[in-house]
2 protein chains.
Amino acid sequence: MGEQPKGIKKSKTGRKASDVKADLIAVVAAVNNSGPCVLTVEQEAALPSGPFELAHRSLQSGLRDWVEQQTGHSLGYIEQLYTFADRDRIGAERVISISYLALTREEEVTGATRRCWGSWYDYFPWEDHRSGTPPIIREVLRPRLMEWADGAADTATRLERQRRAAVAFGLDERAWNEELALQRYELLFEAGIVEEATRDRRSTELASVPGRPMVADHRRILATGIARLRSKIKYRPVVFELMPPVFTLLQLQRTVEALAGRLINKPNFRRLIEQQELVEETGETSVDTGGRPAKLYRFRHAVLNEGAMAGTKLPLARP
Amino acid sequence: MGEQPKGIKKSKTGRKASDVKADLIAVVAAVNNSGPCVLTVEQEAALPSGPFELAHRSLQSGLRDWVEQQTGHSLGYIEQLYTFADRDRIGAERVISISYLALTREEEVTGATRRCWGSWYDYFPWEDHRSGTPPIIREVLRPRLMEWADGAADTATRLERQRRAAVAFGLDERAWNEELALQRYELLFEAGIVEEATRDRRSTELASVPGRPMVADHRRILATGIARLRSKIKYRPVVFELMPPVFTLLQLQRTVEALAGRLINKPNFRRLIEQQELVEETGETSVDTGGRPAKLYRFRHAVLNEGAMAGTKLPLARP
DNA sequence: CCGCTTATTTTCAGCCTGAGTACAAGCGGA
DNA sequence: TCCGCTTGTACTCAGGCTGAAAATAAGCGG
């Protein structure tokens with residue numbers, strides 16, 4: 001469409017390529033006694049972020065700098081989440097947001113800097129199924145989603161909306177899928193059921209919207225991080241980034257459950273962990289928390305070197 | 001480190017955030033009779049790419065525009081791969097590259113524009129295991145990698161390098177893992193065994209380097225795309241983006257084999273496809289290609305709506 | 001020693017997977 | 001025509017993994 005620059009190579013087209021600003025933004029996750037949480041700023045309403053600057057050696061190091069400056073926390077494990085544009089399309093200059101997921105232990109409360117952890121399930125109350133399906137789904141979300149579906153122009157769209165809602169939220173006998181966290185938030189946004197979708201507009205009739213909102217699209221980015229993490233713990237040993245150096249198997253299980261937002265069968269969890277040889281005994285046992293003392297384990301860092309990529313879904317032939 | 005801007009929010013720090021240029025770059029994959037291939041420009045030495053400009057409505061639409069202008073091909077399925085910086089660090093201005101994976105059918109040879117498909121396995125001759133392990137691994141890569149390992153400063157590093165090479169390339173009785181395409185390229189780069197690693201430098205003794213090189217880091221991005229696709233076909237029905245509207249099960253199998261670079265057990269492949277109800281019969285049979293006529297199938301687009309997210313690795317408890 | 005709590009091990013049936021074998025259907029040449 | 005070749009399709013079977021539940025072990029307090 002439009003001109004046809006023959007010079008193929010980028011930035012040699014003769015056009016003046018428009019410069020953009022690049023923002024780095026972090027979802028820093030941890031798990032403590034009260035559950036999974038995320039590192040925030042501005043009264044838990046924003047994720048730590050800042051512009052990518054000349055001084056930064058790389059995108060990741062820029063991110064580390066910003067998070068450290070804003071929260072006093074230094075990051076360990078980092079992985080890229082997604083790169084967005086088309087936000088804040090104010091004026092001529094555009095902003096690109098490069099988002100990251102970081103995992104950390106919440107410890108190190110040494111810093112003098114303010115550090116604010118927000119609970120995942122304050123932002124997404126419908127995501128915690130550890131004590132069964134949260135009432136908010138049946139009592140608030142389901143009716144609202146049905147309203148939204150009914151507001152569709154034609155029948156096809158209405159059925160389509162109902163189906164999407166049912167799949168995302170496990171309605172109508174469908175199974176809950178904890179990995180769909182992002183799709184759920186986006187659906188609620190589209191349906192105008194989260195505050196971010198309606199603010200900056202004439203506030204419609206929608207009164208109580210579930211879940212604590214965040215600045216700009218930060219809650220969406222958080223949902224992206226949660227979805228990614230929930231999916232990743234299933235095929236890579238990343239949970240250990242969130243664990244103290246020594247832990248019991250039940251602690252490990254509780255951490256995974258906190259992230260996944262659902263419960264796990266205890267013997268099966270142990271079997272899985274042990275058969276993959278992810279941990280080794282320290283030889284010591286925990287200072288009893290009530291019943292029989294539990295063995296303490298540590299992560300076998302060696303597994304990271306074992307090309308322990310599991311998981312195939314295709315019937316590949318053996319050599 | 002350094003200053004401690006108290007104003008938390010991005011772009012309010014008082015610092016002048018440096019602008020950057022954003023490049024969009026595409027790995028456009030297709031499969032034809034001769035195997036899996038990628039859309040290229042500049043004599044198959046570069047991927048289509050171009051700067052993100054003001055005129056573009058979004059990152060994706062910018063990418064579509066560039067690919068269409070440079071190759072005459074319009075894209076269907078697109079997903080983001082990765083965002084890099086720290087390349088082309090010439091002068092003060094920095095470039096961010098946002099890479100995408102696109103899937104397409106090679107058809108539509110209508111365009112007057114030049115369109116150039118490069119075969120995956122010309123760039124990565126060691127990745128095609130459909131006829132057994134390629135000789136290049138034993139005859140060229142293995143010796144070179146061992147040389148590289150032996151060049152290590154200390155024994156620990158040497159063993160580490162040997163292990164990494166063995167895991168990546170399935171040496172020493174280890175199983176080949178087709179999903180490690182990116183790690184393999186990066187390992188070869190680190191070992192100086194691909195041309196990109198040694199060019200622009202005093203050419204060392206390394207003479208024949210395996211695989212056709214590409215401009216800048218395009219071959220690395222291609223490897224990223226291949227790895228992503230090889231992994232994704234295992235849990236999402238994306239293969240169909242590469243298939244004609246109607247096909248036989250063997251054609252489908254051959255396509256998957258081409259992508260994965262390895263063979264699949266025929267009855268098991270059929271069973272998997274059918275039990276997931278990914279396809280439906282058209283009622284017709286193929287114009288015989290030698291043996292018994294094969295039933296023709298088409299993709300059941302409905303599955304995309306069925307929340308067909310498979311795959312869990314955690315023993316989650318049923319409600 | 002009993003009852004309570006939590007930890008750890010075993011067992012078992014069902015499903016999925018890799019692998020092999022058998023059978024069906026069209027074609028071409030002897 | 002029959003045979004052999006090729007490709008497509010169906011069936012079988014053993015092993016491994018998974019979800020679920022039951023059984024056993026170890027500490028604590030009365």
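Chain A is the first sequence line, chain B the second, and so forth, proteins listed ahead of strands; every chain is numbered from 1.
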message: Looking at Lys234(A) and Glu178(A), is any side-chain nitrogen of the basic one under 4.0 Å from a carboxylate oxygen of the acidic one?
response: yes
- request: Among the candidates dT9(D), dA7(C), dT17(C), find the nucleotide nearest to the side-chain atoms of Lys295(B).
  value: dT9(D)
- prompt: Roughly, in whole Å, what's the span from CZ in Phe247(A) to P in dA7(C)?
  reply: 15 Å
- request: Measure from the side chain of Leu250(A), starting at C-beta and using heavy atoms only, and say which of dG8(D), dA19(C), dA7(C) lies closest.
  value: dA7(C)
- request: Output all residues satisfying side-chain hydrogen bond (donor to acceptor under 3.5 Å, both in side chains) with Ser34(A), sequence neighbours left out; order by chain, then residue number.
  value: Asn32(A)
field: Phe269(B) CZ - dA19(C) C1' separation (whole Å)
entry: 17 Å
query: Between Gln275(B) and dT17(C), does any side-chain N or O lie under 4.0 Å from OP1 or OP2?
result: yes
statement: Closest of dT17(C), dA7(C), dT9(D) to the Arg271(B) side chain is dT17(C)
field: Test applied, side chain to side chain contact (heavy atoms under 4.5 Å, CB included); reference residue, Val256(B); option that passes from Leu242(B), Ile264(B), Leu263(B), Val31(B)
entry: Ile264(B)
- prompt: Any idea which of dT10(C), dG8(D), dA10(D) is nearest the Pro267(A) side chain?
  reply: dT10(C)
Between protein and nucleic acid, restricted to nucleotides 22-25 of chain C and to nitrogen or oxygen atoms under 3.5 Å apart, what atom pairs and distances do you find?
{"unit_1": "dA24(C)", "atom_1": "N3", "unit_2": "Arg292(B)", "atom_2": "NH1", "d": "2.9"}
{"unit_1": "dA25(C)", "atom_1": "O4'", "unit_2": "Arg292(B)", "atom_2": "NE", "d": "3.4"}

field: Residue from Glu79(B), Gln80(B), Glu179(B) passing side chain to side chain donor-acceptor pair (under 3.5 Å) with Arg228(B)
entry: Glu79(B)
query: Rounded to whole angstroms, how far apart are CG on Asn268(A) and C1' on dC17(D)?
result: 10 Å
- prompt: Starting at NZ of Lys266(B) and ending at P of dG18(C), how long is that distance when rounded to a whole Å?
  reply: 17 Å
query: Mind checking what makes ring-ring contact (aromatic ring centres under 6.0 Å, His included) contact with Phe299(A), not counting sequence neighbours?
result: Phe240(A), His301(A)
query: Does the distance from a Lys or Arg side-chain N to an Asp or Glu carboxylate O, for Glu257(A) and Arg262(A), drop under 4.0 Å?
result: no
